[in-house]
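Computed from a prediction, not measured in an experiment: that's the story for all the values here. Letters A, B, ... are given to chains in the order of the sequence lines, protein chains preceding strands, and every chain is numbered from 1.
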Number of protein chains: 2
Amino acid sequence: MSSAGDQETSRLDDAARAGWLYYVAGNTQDEIARKLGVSRQSAQRLVSLAVSEKLVKVWLDHPIARCMELSRDLADRFGLASCQVAPSDPDAPAALTGVAQLAAGDIERMLKSDHPKIIALGTGRALRASVEQLPKMDCPQHRIVSLLGNMMSDGAATPYNVVIRMADRVNARHYPMPLPVFARSMEEKLLLQQQEAVHNILELARQADVTYVGIGNIGDTAPLLVDGFVSREETRALIKAGAVGEITSWVFDRSGRLIDGLTNDRVASANLEVSPAKPVIAIAVGMLKVDAILAAMRGRLINGLITDEATAEHLLTH
Amino acid sequence: MSSAGDQETSRLDDAARAGWLYYVAGNTQDEIARKLGVSRQSAQRLVSLAVSEKLVKVWLDHPIARCMELSRDLADRFGLASCQVAPSDPDAPAALTGVAQLAAGDIERMLKSDHPKIIALGTGRALRASVEQLPKMDCPQHRIVSLLGNMMSDGAATPYNVVIRMADRVNARHYPMPLPVFARSMEEKLLLQQQEAVHNILELARQADVTYVGIGNIGDTAPLLVDGFVSREETRALIKAGAVGEITSWVFDRSGRLIDGLTNDRVASANLEVSPAKPVIAIAVGMLKVDAILAAMRGRLINGLITDEATAEHLLTH
DNA sequence: ACTCTGACTGAATATTTGCCCGTCTAATTG
DNA sequence: CAATTAGACGGGCAAATATTCAGTCAGAGT
């Protein structure tokens with residue numbers, strides 16, 4: 001038995017040596033084989049043994065490393081097809097620049113494709129900031145379609161008109177939705193959606209190859225409330241019904257199920273549909289949004305996420 | 001200028017991402033290229049940039065039995081407070097990579113301390129190689145001080161200017177010594193050392209929390225001779241007086257006692273003082289240096305040693 | 001405005017690595 | 001003692017990686 005133990009340790013020792021020569025000294029496996037007096041193949045086995053026995057530890061000495069780790073953990077935990085985490089600026093935790101750049105990079109990659117794509121967009125400050133980061137491009141092959149109306153109920157234009165801004169920058173055909181965000185009633189909503197133009201836009205949205213949306217929280221600081229789309233009373237009613245977040249004004253509860261009735265009866269936005277093959281990517285940052293993001297992920301309302309380090313940490317500890 | 005910096009950091013960010021995906025997540029470079037939206041070659045370049053910028057750290061978590069044994073034996077036999085032995089590359093026994101990495105790890109540990117430290121440095125190829133292995137850091141709390149002049153007698157700069165190189169990499173305050181290594185006479189030496197700046201630097205060196213030095217041999221291959229600091233005649237005289245090695249140009253005999261007179265009268269370097277509480281660590285590799293290292297240890301001119309396997313073996317058999 | 005320089009890129013190519021598979025050895029078992 | 005089998009070995013090959021080379025582009029300096 002003692003000889004078995006010795007052989008074992010000497011084998012690991014050799015593995016360590018091989019691993020050292022390979023990873024630290026930068027030798028090729030061929031050279032290692034010569035130096036250790038074994039065949040090339042054996043050297044390869046020793047190196048891979050060193051790896052599989054966890055003798056070699058690799059880590060990255062760069063702030064980005066933490067972000068990569070967080071994104072992998074988030075993707076694993078919530079079954080996301082893609083997840084990106086931007087470094088937070090510790091001085092300005094609510095800053096959007098990091099995520100905006102990341103999102104812009106993602107969008108740009110899509111746009112660079114020669115194959116025509118339909119890109120659907122929600123609204124929100126984060127999405128708006130991302131679009132601002134896009135370089136000027138020329139992409140007449142793609143179509144950009146809005147997921148939700150661009151009017152207040154009184155006909156005023158909504159802020160953050162992302163579709164037009166983006167189409168401006170990248171010169172693509174675009175389809176803003178000429179509707180109020182909320183109709184005054186379910187009947188009106190159905191009526192409005194039967195217009196041919198609107199119908200076509202909704203159909204286009206349904207076919208989108210990729211979708212980018214923001215996520216809103218519900219409560220005193222909710223974008224829906226602050227921007228005047230829903231009243232304080234409606235907000236109270238929504239909270240009572242369990243609402244924690246919204247995507248393109250569709251309000252959902254903490255397991256990501258759409259709230260029945262209330263404002264959801266009147267939302268004119270395209271339906272939230274996620275097929276596993278089509279990315280639906282949320283861009284969302286901030287402590288206030290943690291619950292909403294969690295809910296959206298639980299309910300599979302999204303299958304991709306772009307956020308920042310601080311938010312990611314909170315998502316994983318909740 | 002700020003845009004240049006931004007571009008630089010974003011390039012390093014990308015490199016870190018690529019490195020992480022490659023070494024930590026085990027992606028293939030092809031996959032990385034797809035994920036980062038660049039070509040395969042660019043991905044490869046990013047990965048190798050991450051390596052050359054020292055963003056990826058590899059560390060073998062296995063005490064290679066022989067090296068551990070050697071370092072323990074050395075520490076016991078010569079009363080060293082610390083001793084590290086790197087595996088040797090059998091084909092390139094003079095290679096510095098192993099010890100350089102070990103030493104860099106040691107130095108990095110020092111630098112990571114928040115508590116301000118004074119780090120004193122000698123010169124030499126090994127020390128230089130070690131400093132090259134340091135990652136970029138930001139350590140304004142520490143001070144790096146040179147133990148010896150950085151000029152030839154005629155005013156030319158000496159090679160291996162370790163202090164400046166290191167300060168460059170880690171962004172610390174630094175104190176190179178604006179003196180020739182050897183004065184022309186003892187009188188001139190005293191005169192030079194009375195300059196206020198020099199005086200302050202010598203005082204700083206005396207207070208150093210940790211000291212790293214190289215060890216040179218004496219003879220035909222002596223760094224002092226090869227680099228032109230002492231003449232062939234002086235070398236002969238030194239050998240006749242029993243000299244076997246030098247640290248920061250202080251020449252000593254085989255029991256580690258400083259040689260009286262000769263070049264030692266004119267050395268402008270800080271005095272060799274070792275207090276048991278403050279590490280004085282030599283980085284030295286090679287057969288030629290064995291006698292010098294032995295002498296330095298016998299004379300307690302150092303209390304720590306970083307060397308390689310082959311050298312360690314010789315140190316123990318002599 | 002012009003060239004020059006240096007850095008970067010993709011394509012082509014050379015090298016290295018990972019893996020499958022047939023063979024061999026040595027240990028175990030009936 | 002013979003048969004069986006687990007495990008290591010090395011050959012060979014496809015995949016992955018590194019390097020070289022020529023072309024491109026932006027910016028610096030006439």
Side-chain angles (χ1 to χ4, degrees), chain A residues 1-58 60 68 101 105 108-109 111-115 135-138, chain B residues 1-58 60 62 89-92 95 97 136:
Chain A
M1 275 300 110
S2 79
S3 79
D6 287 357
Q7 277 174 25
E8 194 53 38
T9 56
S10 106
R11 188 170 170 70
L12 277 184
D13 223 69
D14 281 348
R17 229 166 246 283
W20 188 88
L21 288 167
Y22 189 68
Y23 288 105
V24 182
N27 280 280
T28 185
Q29 295 184 353
D30 228 334
E31 295 170 313
I32 297 171
R34 261 201 310 283
K35 289 174 189 176
L36 264 48
V38 299
S39 74
R40 179 169 49 258
Q41 295 77 353
S42 301
Q44 198 271 331
R45 280 181 190 113
L46 285 175
V47 173
S48 86
L49 181 66
V51 174
S52 67
E53 291 294 326
K54 311 273 188 265
L55 299 184
V56 301
K57 306 248 160 118
V58 180
L60 258 102
M68 303 296 288
Q101 293 204 0
E108 196 182 333
R109 219 165 301 141
L111 291 170
K112 280 215 177 121
S113 159
D114 286 333
H115 191 75
K136 291 252 181 230
M137 300 177 71
D138 188 58
Chain B
M1 278 303 109
S2 76
S3 80
D6 287 0
Q7 278 173 23
E8 193 52 38
T9 55
S10 108
R11 188 170 169 71
L12 276 185
D13 277 8
D14 282 348
R17 275 205 175 73
W20 191 90
L21 288 167
Y22 189 68
Y23 288 106
V24 182
N27 281 279
T28 183
Q29 295 184 351
D30 231 335
E31 295 169 312
I32 297 170
R34 260 200 307 285
K35 289 179 188 174
L36 264 47
V38 298
S39 73
R40 201 171 55 71
Q41 293 91 325
S42 300
Q44 196 274 328
R45 282 179 192 116
L46 285 174
V47 172
S48 85
L49 181 67
V51 174
S52 66
E53 289 295 324
K54 311 285 186 283
L55 298 183
V56 304
K57 307 251 168 129
V58 181
L60 267 151
H62 180 77
D89 184 335
D91 275 4
T97 54
K136 292 244 182 236

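Atom P of nucleotide D:dT17 and atom CG of B:Leu21 are separated by 12 Å, given to the nearest angstrom. Between the CG atom of B:Asp14 and the C1' atom of C:dT9 there is a distance of 15 Å, given to the nearest Å. Atom P of nucleotide C:dA7 and atom CG of B:Leu49 are separated by 13 Å, given to the nearest angstrom. Here the C1' atom of nucleotide D:dC9 and the CG atom of A:Leu36 are 16 Å apart, to the nearest Å. Rounding to whole angstrom units, CZ of residue A:Arg40 and P of C:dT16 are separated by 10 Å. Look at OH on B:Tyr23: it is 11 Å from P on C:dT17, rounded to the nearest Å. Following rounding to the nearest Å, A:Gln41 (CD) and D:dG7 (C1') show an atom-to-atom distance of 16 Å. What separates CG of A:Leu46 from C1' of D:dG10 is a distance of 14 Å, to the nearest Å.
A:Ser42 OG to A:Gln29 CD: the interatomic distance, rounded to the nearest 0.5 Å, is 11.0 Å.
Nucleic acid contact class of B:Gln29 (heavy atoms, under 4.0 Å, all strands): sugar-phosphate only.
Not one side-chain nitrogen or oxygen of B:Ser39 sits closer than 4.0 Å to the OP1 or OP2 atom of C:dT9. In terms of phosphate contacts, A:Gln44 brings no side-chain nitrogen or oxygen within less than 4.0 Å of OP1 or OP2 of C:dT17. Distances shorter than 4.0 Å separate none of the side-chain N or O atoms of A:Tyr22 from OP1 or OP2 on C:dT16. Dashed line: the shortest gap from a side-chain N or O of A:Ser48 to OP1 or OP2 of C:dG18 is not under 4.0 Å.
Taking only distance into account, the side chain of A:Arg45 meets the base of D:dG10 through a donor-acceptor pair shorter than 3.5 Å.
Side-chain contact check for A:Leu21 versus A:Glu31: every heavy-atom pair is 4.5 Å or farther apart. Residues A:Tyr23 and A:Val51 have side chains in contact (heavy-atom distance under 4.5 Å, counting atoms from C-beta outward). Counting heavy atoms from C-beta outward, B:Leu12 and B:Glu53 have side chains that approach closer than 4.5 Å.
Distance from the side chain of B:Ser42 is smallest for C:dG10 among the nucleotides C:dG10, D:dA16, C:dT17.
Here the closest non-hydrogen pair linking A:Ala15 and A:Leu49 is CB-CD2, 3.8 Å.
One finds a salt bridge joining A:Glu108 and A:Lys112 here, because a Lys/Arg side-chain nitrogen approaches an Asp/Glu carboxylate oxygen to under 4.0 Å.
Where the helix from C:dA1-D:dT30 to C:dG30-D:dC1 starts and where it ends, the local axes point in directions that differ by 30°; five pairs per end, rounded to 10°.
When each of A:Thr28, A:Ile32, A:Asn27 is checked for a side-chain contact (heavy atoms from CB on, under 4.5 Å) with A:Tyr22, only A:Ile32 meets the rule.
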